[in-house]
Amino acid sequence: MGDYGTNLFKGAASYYSRYRPMYPASLIRFLVQEFSLNGEQNLLDLGCGTGQLTIRFSDWTNKIVGIDTEPEMINEARRLHQQVRLGQIQWFNGTLEQYKESHNDQFTLVTIAKAFHWMDRDRILEELYDLIDEGGGVAIIDNYDPNKSLKPWQEKLNELIEKWYGKERRAGKSTYNHPVISHEEVLSNSKFEVEIHTLPTYEINWTIESILGNLYSTSYGARRFLGNKVEEFEKDVKQSLLKFSSSGEFRESVNLSVKLGRK
């Protein structure tokens with residue numbers, strides 16, 4: 001899973017499981033249909049985080065494996081899974097390479113949701129190819145859209161993040177920039193056949209609490225980066241954003257892109 005170190009999301013897991021927005025049902029339906037999932041197939045969720053997406057495929061698969069390099073994420077995924085008690089899911093803390101050393105499963109579908117940019121993408125696709133059944137594939141799920149026009153409250157939030165966290169987006173012990181070469185191009189250079197799909201727009205409803213919680217769940221917005229200024233920062237966010245919405249509710253329209261690599 002790339003060598004991005006395990007400190008990237010340190011301290012983020014509890015925020016991640018509570019505040020990361022859920023993917024829409026349309027995504028699950030789309031993948032179930034595209035890969036004819038009927039309860040007999042195996043699925044791998046790579047970079048699974050705290051496993052909310054992983055668990056949602058339980059009804060449509062035989063066995064699921066969730067892999068993440070961050071131990072806190074996998075522990076939280078196990079905890080959530082024990083609560084819902086759905087599906088046969090194996091959680092693995094480590095890299096794909098490490099998983100392959102001790103397991104020889106085959107998968108119909110591999111999902112990588114908002115995690116591909118952290119990986120050594122060419123190498124991961126190479127490693128995945130042999131694990132995937134003929135007719136199966138990999139689905140890279142992302143809503144990164146650099147050209148999206150932001151709502152006034154989002155522009156304000158970005159200003160505040162820059163003001164309190166600094167201009168550079170830290171990520172674990174380094175700084176983060178989105179890859180220059182697109183996921184699409186990386187997929188096109190692999191052995192997989194590429195298809196690009198955009199799912200219907202869906203709405204996310206935010207509150208101040210969930211905006212902050214979601215920020216703290218990211219690699220660049222970790223609460224620890226604020227040091228002893230957490231309270232001041234939260235007060236600033238609350239006062240600034242409430243000027244845009246007296247009800248304290250904020251809406252965002254999201255387009256989800258699904259890049260399929262078929263074998």
Measure across [X] and [Y] and return the closest heavy-atom pair with its distance rounded to 0.1 Å.
{"X": "P71", "Y": "T69", "answer": "CD-O, 3.3 Å"}
{"X": "I132", "Y": "G137", "answer": "CG2-N, 3.4 Å"}
{"X": "G135", "Y": "F35", "answer": "O-CD2, 4.2 Å"}
{"X": "I67", "Y": "G94", "answer": "CG2-O, 3.3 Å"}
{"X": "A77", "Y": "G51", "answer": "CB-N, 4.1 Å"}
{"X": "L86", "Y": "S58", "answer": "O-OG, 3.7 Å"}

For Y23, the side-chain hydrogen bond (donor to acceptor under 3.5 Å, both in side chains) test, sequence neighbours excluded, returns none
Contacts of E184 meeting side-chain hydrogen bond (donor to acceptor under 3.5 Å, both in side chains) (sequence neighbours excluded), chain-then-number -> none
So [Y] and [X], do their side chains get closer than 4.5 Å, heavy atoms only?
{"X": "H103", "Y": "F92", "result": "yes"}
{"X": "L187", "Y": "V138", "result": "yes"}
{"X": "L96", "Y": "L131", "result": "yes"}
{"X": "I112", "Y": "L128", "result": "yes"}
{"X": "I28", "Y": "F57", "result": "yes"}
{"X": "L260", "Y": "F30", "result": "yes"}
{"X": "C48", "Y": "I74", "result": "yes"}
{"X": "L43", "Y": "W60", "result": "no"}

Between M22 and V84, is there a shared hydrophobic cluster once you connect ILVMFWY residues whose side-chain heavy atoms come closer than 4.5 Å?
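No, it is not one cluster - the side chains of M22 and V84 are not joined through contacts under 4.5 Å.
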Same cluster or not: L150 versus L241, using hydrophobic residues (I, L, V, M, F, W, Y) connected whenever any side-chain heavy atoms lie under 4.5 Å apart?
no
Do N143 and K114 pass the side-chain contact (heavy atoms from CB on, under 4.5 Å) test, and can you show the C-alpha distance, the side-chain angles, and the key distance before you say yes or no?
CA-CA 8 Å; N143 60 6; K114 286 193 201 167; 3.2 Å; yes
Around atom [atom1] of [X], are there more than 12 heavy atoms of other residues, nucleotides or ligands at under 6.0 Å?
{"X": "Q106", "atom1": "CD", "result": "yes"}
{"X": "W206", "atom1": "CH2", "result": "yes"}
{"X": "N104", "atom1": "CG", "result": "no"}
{"X": "R18", "atom1": "CZ", "result": "no"}
{"X": "E231", "atom1": "CD", "result": "no"}
{"X": "Q33", "atom1": "CD", "result": "no"}
{"X": "K238", "atom1": "NZ", "result": "no"}

Donor-acceptor pair, side chain of [X] and main chain of [Y], under 3.5 angstrom:
{"X": "R121", "Y": "I181", "value": "yes"}
{"X": "Y165", "Y": "F225", "value": "no"}
{"X": "N62", "Y": "G39", "value": "no"}
{"X": "T61", "Y": "I64", "value": "no"}
{"X": "K259", "Y": "V194", "value": "no"}
{"X": "H81", "Y": "G87", "value": "yes"}
{"X": "D68", "Y": "G49", "value": "yes"}
{"X": "E232", "Y": "K229", "value": "no"}
{"X": "K148", "Y": "N255", "value": "no"}

Would E70 and E76 count as a side-chain contact (heavy atoms from CB on, under 4.5 Å) if you check the C-alpha gap in whole Å, the side-chain angles of each, and the deciding distance to 0.1 Å?
CA-CA 10 Å; E70 179 59 69; E76 182 67 0; over 6 Å; no
Between [atom1] on residue [X] and [atom2] on residue [Y], distance to nearest 0.5 Å:
{"X": "S190", "Y": "K263", "atom1": "OG", "atom2": "NZ", "answer": "11.5 Å"}
{"X": "S17", "Y": "Q52", "atom1": "OG", "atom2": "CD", "answer": "5.5 Å"}
{"X": "I161", "Y": "L215", "atom1": "CD1", "atom2": "CG", "answer": "4.5 Å"}
{"X": "D142", "Y": "H117", "atom1": "CG", "atom2": "NE2", "answer": "6.5 Å"}
{"X": "F107", "Y": "L109", "atom1": "CZ", "atom2": "CG", "answer": "10.5 Å"}
{"X": "F233", "Y": "W164", "atom1": "CZ", "atom2": "CH2", "answer": "8.5 Å"}

Let's go through L53 and I141 carefully: what are the C-alpha distance in whole Å and the side-chain angles of both, what is the deciding distance for side-chain contact (heavy atoms from CB on, under 4.5 Å) to 0.1 Å, and is it a yes or a no?
CA-CA 11 Å; L53 180 64; I141 301 153; 4.2 Å; yes
Indicate whether any N or O donor in one side chain lies under 3.5 Å from an N or O acceptor in the other, for H197 and E34.
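Judged by distance alone, the side chains do not pair up.
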Distance-only donor-acceptor check, side chains D45 and T111, under 3.5 Å:
yes
Check E97 with K100, please: is the shortest side-chain N to carboxylate O separation under 4.0 Å?
no
Please determine whether a side-chain nitrogen of the Lys or Arg among K156 and E159 lies less than 4.0 Å from a carboxylate oxygen of the Asp or Glu.
yes
Starting from the C-alpha separation in whole Å, work towards a yes-or-no answer on side-chain contact (heavy atoms from CB on, under 4.5 Å) for Y216 and Y19.
CA-CA 9 Å; Y216 296 152; Y19 295 112; over 6 Å; no
